[in-house]
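Structure first, then comments.
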Amino acid sequence: MRQTSLIVLSLLALLVVVAGPAFPQNAGSATITGTLTDPSGAFVPGASVTIRNADTSIERKIESNEAGIYSAPFLPPGHYEVHASKAGFASVVRKDLTLQVGQTLSVNFSMTVQATQTEVTVTGQADVVDTEKTENSQVISEGSVDNLPIAGRRWDTFALLTPNVTTDGTSGLVSYRGISGLYNSNTVDGANNNQAFFSEARGRALMGSYVYSMDSIKEYQVSASNYSAELGQAAGGVVNAVTKSGANNFHGDLFYYLRYPTWNALDSYPKSRGTYSQPIHQWQQFGFSVGGPIIKDKLFFFGTYDGSRKVNPITYTSSIYSPSVTALPCPAQVSVTQCAAANAFLFGQQGTFPRATNQDVAFGRLDYQATARNHVSGAFDFMNYRAPNAYSGNPSYSNSSLGTNGRYNIHERIFVANWDSTISNSAVNNLRFQWGRDLEVAGSNAPAPYVNLSGLMTYGEFFALPRTAEPDEHRIQLSDTLSKTHGRHTFKTGVDFNFIHEVMINLYQGTGNYAYSTGTAQQVFNNWVLDTYGINTGDGLTGRHYTLFTQANDPITHVGKDDFYNNDYAAFFEDSWKASSKLTLNMGLRYDVSTIPQPPQP
């Protein structure tokens, strides 16, 4: 068994702050915290603090500790008001507070001695400087997700709008600080949303598919550096997203987008070769979302459907054959009939062929406030992606053919559950479970073998196909995180276990690959025609004029199958220490272990 481990010990931040303790980020949630003081500046312990979600009316009640500090971690992003009270002091209410994913919102109270006025109401207002923020991050808000224009409806594309982020070459991935996109991490509702085999977010970068609808994502935080030890398994950037949930008011929307055929341009290269086609002929995107209460203040639902129907034909051209060049001369040993048939076969590989890419995404979530101290949520995401002639996804290809292409089918099934439990005034626990399946299948359009006529044409089953499972990945994730406030310290510790079952079925080069690459296109054609008809020219190479033949063999499974577990184990500990009123020290330690078995030997 090969074992790879990573220890990260970092001084996460050393920050001068104005007031209030600073806390690390939260995966799929947020924190409201603060300090209570009296008119003399002394701490107010034992004060009652109520954090109320204005959208659902769900409340969390806690008390300030001996240092006057209160903390409410694992809160869902949304709109809040905070109420603080203690005998002998006027009650104070902070309203119209907006809490974003991954954020630690500082809400401090200066308690006044009770006189004729028994309650002071303060309207929430964002600080010019976020004194709690120690990481390099930016939140793509709900308004941005809803209103920014985007063609493909892939929600995490907006990460490119944040600092220190750019495209990672032509891979379709995103690079943070110049680091390869393979070292990024993606979470949704705190659960791991990565595909382990290709080290990408589920849905893959170049597929054109998206696993979650934009309408199901409330907002997400993009962190380029200095992120919390809770957000591990990344050397690049971390995307920390949270899905939408229901509220006490019913809400929903419908959408329909149409990219009409007459508004779409022609593909320039096939046009230059006398073939007229459009990269996208027509594209329809449609769906809806709806959410609301099942039991007011108690049980809520939210659901979405997102459909895509794209007609994007694919065109094949030749650098040799054209409307003015329909045939190449053949060797003298080849009959006229044989020569005509060979030319007709290659010439006929050109043209524009249909391709319809269909995708359906459905999402549902339930939130249940079981008791005053226990909140449970569960979400299920379903995605089917079907794309014939899409293994080669470009609009057009030269010197290739439809037979070398294949269909793509992707199935995603993801279930995530979270249980937030308030153990005491100073301790809150989050227990998380995920089950997910990521299945990608690529089929063949033509039978074997694959034949490559250099500078002229390729045809037959592509040497990387079929991919019966590439991969078929099952993930079970169990994680538990405890947040505890003690005096001026806020401790956070947790474990994260991922049990990943990988099945790969792809016998690369298994169907045979003939390459004709010697000489000019005419010489390549001559050699291929002679081999196709098995003509003996007296050179001792009857049927063997190809340059190279390659074929792989799997003596163990015979189909190129790998079946193994890639198990990841992690633990972390963080301490946010309020050393003084102007100095906060954040420290974190994380330990990751990934176990991958050695492949079997024949």
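Computed from a prediction, not measured in an experiment: that's the story for all the values here.
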| field | Rounded distance (nearest 0.5 Å) linking atom CZ of Phe572 with atom OG1 of Thr493 | value | 6.0 Å
| Parallel, tilted or perpendicular: which describes the rings of Tyr514 and Phe549, with under 30° parallel and over 60° perpendicular? | tilted
| request: Please determine, by modelled atom types, if Ser594 and Asp568 share a side-chain donor-acceptor pair under 3.5 angstrom. | output: yes
| request: Hey, could you give me the CZ/CZ distance between Arg475 and Arg202, rounded to the nearest 0.5 Å? | output: 6.0 Å
| said: What I want to check is whether the side chains of Asn194 and Asn186 have a donor and an acceptor closer together than 3.5 Å. | reply: no
| If you measure from OH on Tyr397 to OG1 on Thr315, what distance do you get to the nearest 0.5 Å? | 11.5 Å
| Are side-chain N/O atoms of Asn513 and Asn452 paired as donor and acceptor at under 3.5 Å? | no
| query | Is there a donor in the side chain of Asn409 and an acceptor in the side chain of Arg386, or the other way round, less than 3.5 Å apart? | reply | no
| query | Name the one of Ile217, Ile414, Asp306, Thr304 that satisfies side chain to side chain contact (heavy atoms under 4.5 Å, CB included) with Phe363? | reply | Thr304
| query | Distance only, no hydrogens: is a donor on one side chain within 3.5 Å (strictly under) of an acceptor on the other, for Asp575 and His489? | reply | yes
| Side chains of Ser308 and Trp283, donor plus acceptor under 3.5 Å | yes
| query | Would you say the side chains of Gln195 and Asp438 form a donor-acceptor pair under 3.5 Å? | reply | yes
| field | Evaluation steps, ring pair (Phe, Tyr, Trp, His ring centres under 6.0 Å), between Phe255 and Tyr257 | value | CA-CA 7 Å; Phe255 70 89; Tyr257 302 109; 5.6 Å; yes
| His474 vs His501 aromatic rings, parallel, tilted or perpendicular, using cut-offs 30° and 60°? | tilted
| Charged N-O contact under 4.0 Å between Asp360 and Arg309 | yes
| message | Against Lys244, only a single residue in Asp215, Asp146, Asp189 fulfils salt bridge (charged side-chain N to carboxylate O under 4.0 Å, His left out); can you say which? | response | Asp146
| message | For the residue pair Asn192 / Gln233, report whether a side-chain donor-acceptor contact shorter than 3.5 Å exists. | response | yes
| task | Of all the heavy-atom pairs spanning Asp367 and Ser377, show the shortest one and how long it is. | result | OD2-CB, 3.4 Å
| Side chain to side chain, Tyr408 and Ser209, heavy atoms closer than 4.5 Å | no
| Between Asp496 and Gln477, do the side chains contain an N or O donor and an N or O acceptor separated by less than 3.5 Å? | yes
| request: Using distance alone, with no hydrogens and no angle criterion, decide if Ser223 and Asn240 have a side-chain donor and acceptor under 3.5 Å apart. | output: no
| said: Using every non-hydrogen atom in the two residues, find where Gly246 and His251 come nearest and quote the distance to one decimal. | reply: CA-NE2, 4.3 Å
| field | Residue pair Thr166 / Ser175, side-chain donor-acceptor N/O under 3.5 Å | value | no
| Pairwise distance CG(Asn389) to CZ(Phe353) - rounded to 0.5 angstrom | 9.0 Å
| request: Just do the side chain to side chain contact (heavy atoms under 4.5 Å, CB included) check on Phe380 and Arg413 with the steps written out, would you? | output: CA-CA 7 Å; Phe380 182 75; Arg413 309 289 188 266; 4.1 Å; yes
